[in-house]
4 protein chains.
Amino acid sequence: MAGSKIAPGPIVTKNELGPRARRKVQRPQAILQAAFEEFVERGYTATRIEDVAARASVTKGTVYLYFQNKEELFQHVVGKLSQPIFDEKQFLEQHQYRSCDELVRLFLDTLYDHMTVNQHSREILRFLIADGRRFPTLGSTHFDQFVQPLMTMFDRILQKGVREGVFEIWTNDHISQILISPALTYAIEMFLSADNTKLPELKIYINTHYEMVMRTIRKARLDMSDTTRLRGYSEALYC
Amino acid sequence: MAGSKIAPGPIVTKNELGPRARRKVQRPQAILQAAFEEFVERGYTATRIEDVAARASVTKGTVYLYFQNKEELFQHVVGKLSQPIFDEKQFLEQHQYRSCDELVRLFLDTLYDHMTVNQHSREILRFLIADGRRFPTLGSTHFDQFVQPLMTMFDRILQKGVREGVFEIWTNDHISQILISPALTYAIEMFLSADNTKLPELKIYINTHYEMVMRTIRKARLDMSDTTRLRGYSEALYC
Amino acid sequence: MAGSKIAPGPIVTKNELGPRARRKVQRPQAILQAAFEEFVERGYTATRIEDVAARASVTKGTVYLYFQNKEELFQHVVGKLSQPIFDEKQFLEQHQYRSCDELVRLFLDTLYDHMTVNQHSREILRFLIADGRRFPTLGSTHFDQFVQPLMTMFDRILQKGVREGVFEIWTNDHISQILISPALTYAIEMFLSADNTKLPELKIYINTHYEMVMRTIRKARLDMSDTTRLRGYSEALYC
Amino acid sequence: MAGSKIAPGPIVTKNELGPRARRKVQRPQAILQAAFEEFVERGYTATRIEDVAARASVTKGTVYLYFQNKEELFQHVVGKLSQPIFDEKQFLEQHQYRSCDELVRLFLDTLYDHMTVNQHSREILRFLIADGRRFPTLGSTHFDQFVQPLMTMFDRILQKGVREGVFEIWTNDHISQILISPALTYAIEMFLSADNTKLPELKIYINTHYEMVMRTIRKARLDMSDTTRLRGYSEALYC
DNA sequence: GATGAATGAGGATTCATTCAT
DNA sequence: AATGAATGAATCCTCATTCAT
């Protein structure tokens, strides 16, 4: 920009930024974070730009310095959240020597962990549902960017299991979606219960979910005689 | 509930109501219906009382004749929706001679049918999620009135199956909730996909869901040599 | 509207309006008048709806009850002003026995009268000039509705004079426009001089204007010895 | 005037200015020019300092370095424009041997030329009319600096004609103003017609204007018998 | 009971102006 | 001298709510 010609302030030889420049980089981040929190707390319509600004410790005007308007701000917030929560390749490589059963368990653990720990991954759902009508693109965008990758990865694990003869999938119709569903239910319960009093204890919930998955897809081995088998590896992974 | 004020006093066996009285009874119903539709379409904040009024073919003032304010109107709308979608006793009596497998299937069919056909049953979810923060009571109210009964009924079916020796349930922790989850996922997908292009075909989806449930809970499949393999432990857990 | 069904208030048999209805008719007029005055005083951009409202003794909201937004209000104001200031047929019939000289004088008198007495007829010019860029349609609309009729009428008078042999017009090019110009100059001076101190005295100004017109178009003056001096050439040009 | 601060200190006979000093001189000029163009395009209120700055290739801050605030900037712009468009003495000396008829024609040609070619001379009018109320001094200032000199010069030509016995002025009341009026009308039409489609062809318009003037003021000579006299000199001057 | 005109608090957005760099 | 990030007053417009008819 024009600034480069004039080189305002010290000619920075090192890679340090002046306080102005540093702030200019941080501001939009701070605003996005503040906006996220406000949107989460109140929803799109009820969120006031002024509150976003206050939370980011700036004033109204500053928000408009970085974002055209409220809608654009919202889109940016959601866009940032829609990023895939974990990298497929990395996941598979990292755990390439695990059994398929263990992969399923790891997948679930990672998924619930994200949902629980990472507020972002969870609250985006609320946006999509609450303001989906107002921003029709959001839904499909998020689906492509966030949900689809999850599904695909789970599918890969299933297929791996099938190839290795440990899983048996009787249909390809929506099977991943159905098997993952309890995680969604849990997420939704999380924001339905204002106080988390009635919320299921996560550990136990995952156990049951995992068991459901395994019972659904594990190949029935004729020579099974160890009734405690299910317990074993589950406990090995999850303590 | 609040509905009692408004509820048309169902059983008017004798003399019909005069036109005045009839209107007095119908007006609030019409307004509630209109409000429901508007709230569904736009969410709480974005819904304007005037639009509700117009949709109900009355004027703003009239709305305030029957409801204190916008918030009360909303509460009434949600309250009305939260009523259980199907009656447990009736369901069980009606199908008392069915096998447990069939009961599960019937339960699922009924559930999906309600969600698909009955906009109310589906959209209430959106309310809860979208405006849950604004109305903290909603979540738990709805849970008690709407979700819990569903859960309980499914539980009864499971228990019946266990008693009859066809189902085997290894845990009591959230099992109903987890087994029903795919229905919730479907509902959410319904309002996330603006156009219903990508929506799974319902029949197939239910089939997979049903299969998942049965594989999870059905006692040792016939083609397995050891049909009793899991019994002991399941009974130990489930009392 | 809905009101008719219910007939609010007394069933008015005579042609009296209730206080509400009466106000409803008067309000838009009052708002338009107030808007006109504010726009005149400050121009489009600097005029605040709230001030318009205050001047009309209502509140902001009421203005928006009758006009979509500021721009529409402005358009209405201008539209109302653009109406022709006097009726051509009526003017000609009313004065059919006057001499052409008298008609010219009457035309000028009427024109200046409107400009002087009727603030509207004068101030519209300011709008067109000041905010013409913002509302491109205004200019041509006003020209068609307001200026063109004036011009046409003046033309008719000239032609009448030519037919009767008292006027002689050597060209058709913009002659009306040029002969009327001093009125425009006067109008503009009127709003350029904040205090009307330096303003020409109207009567004298019109006299000079009239004389200018007559000297330009009157056929050979009587005190000239050669009354036919210009005839040939004028007829050649004007057909 | 205010211009003195900014005016480049006209007579720099000796040593050239260094780049710094040169910029110090050029900046305000560039800003004034940019401001002029923006004010012309949008009017006072709708013009944003930032746009002025951008057009002058500087930043907002720089504008405030040279001008206290928006209003002062505007005053400077108008002040600069109000300078007389042509020098009376120069004009008269330059054309001292022309006939009075020719002087009138020359005067008109110069006037229209300025209005047409020189955007400044024309647009100042728009300022005065559009924002006259906001800046009451503007009107009279401009009148004194711009209009009055024009009028006076035209008066001088008339008086010269009278002295030489070719013009006959029957009154002193506003005669110059009235005779010059068509030029104003033309100017106004220029900015009323967004596209210059309907605009009169300038050459022809001036011809008619000139003819009007001459018919109004030329002394009726008894011995006139040459009906083509008017054509002659008009064509001589204007081809 | 019903109406709908009127209200005015509230929120999005703009932009002149300041000032640290 | 120049920059441009930050400010916040100002203004348009909306809409829940009231109340005279």
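Side-chain atoms are counted along with the backbone in the values below, which use heavy atoms only and exclude waters and symmetry mates. Every chain is numbered from 1, with letters handed out A, B, ... down the list of sequences.
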Residue pair Gln29(B) / Lys80(B), side-chain donor-acceptor N/O under 3.5 Å: yes
Glu41(A) bridged to Arg55(A) by N-O distance under 4.0 Å: yes
Of Thr47(A) and Gly61(D), the one whose closest DNA chain E nucleotide lies more 5': Thr47(A)
Separation of atom NZ in Lys70(B) from atom P in dA16(F), rounded to whole Å: 4 Å
d(CD, Glu50(A); C1', dA9(E)) in whole Å: 14 Å
Along DNA chain E (nearest heavy atom to each residue), the more 5'-positioned of Val58(B) and Arg48(A): Val58(B)
Residue whose closest nucleotide on DNA chain F lies nearer the 5' end, Thr62(D) versus Gln68(B): Thr62(D)
Whole angstrom value for the distance that separates P of dC12(F) from CD of Glu72(C): 16 Å
Of Ile49(C) and Thr59(A), the one whose closest DNA chain F nucleotide lies more 5': Thr59(A)
Watson-Crick/G-U partner (both atom distances under 3.5 Å) of dG4(E): dC19(F)
Length of the line joining Asn69(A):CG and dA12(E):P, which is rounded to integer Å: 11 Å
Side-chain donor-acceptor distances from residues 72-79 of chain C under 3.5 Å, at least two apart:
residue, atom, partner, partner atom, Å
Glu72(C), OE1, Gln68(C), N, 3.4

Atom-to-atom span, OH of Tyr66(D) to C1' of dA2(F) - whole angstrom: 9 Å
Side-chain donor/acceptor of Lys60(A) to base of dG10(E), under 3.5 Å: no
Euclidean distance, Ile49(A) CD1 relative to Ile31(A) CD1, rounded to 0.5 Å: 9.5 Å
Separation of atom CD in Glu38(D) from atom C1' in dA16(E), rounded to whole Å: 15 Å
Between dT18(E) (P) and Leu65(D) (CG): distance, integer Å: 12 Å
Rounded distance (Å) that lies between atom C1' of dG11(E) and atom CD of Glu71(A): 16 Å
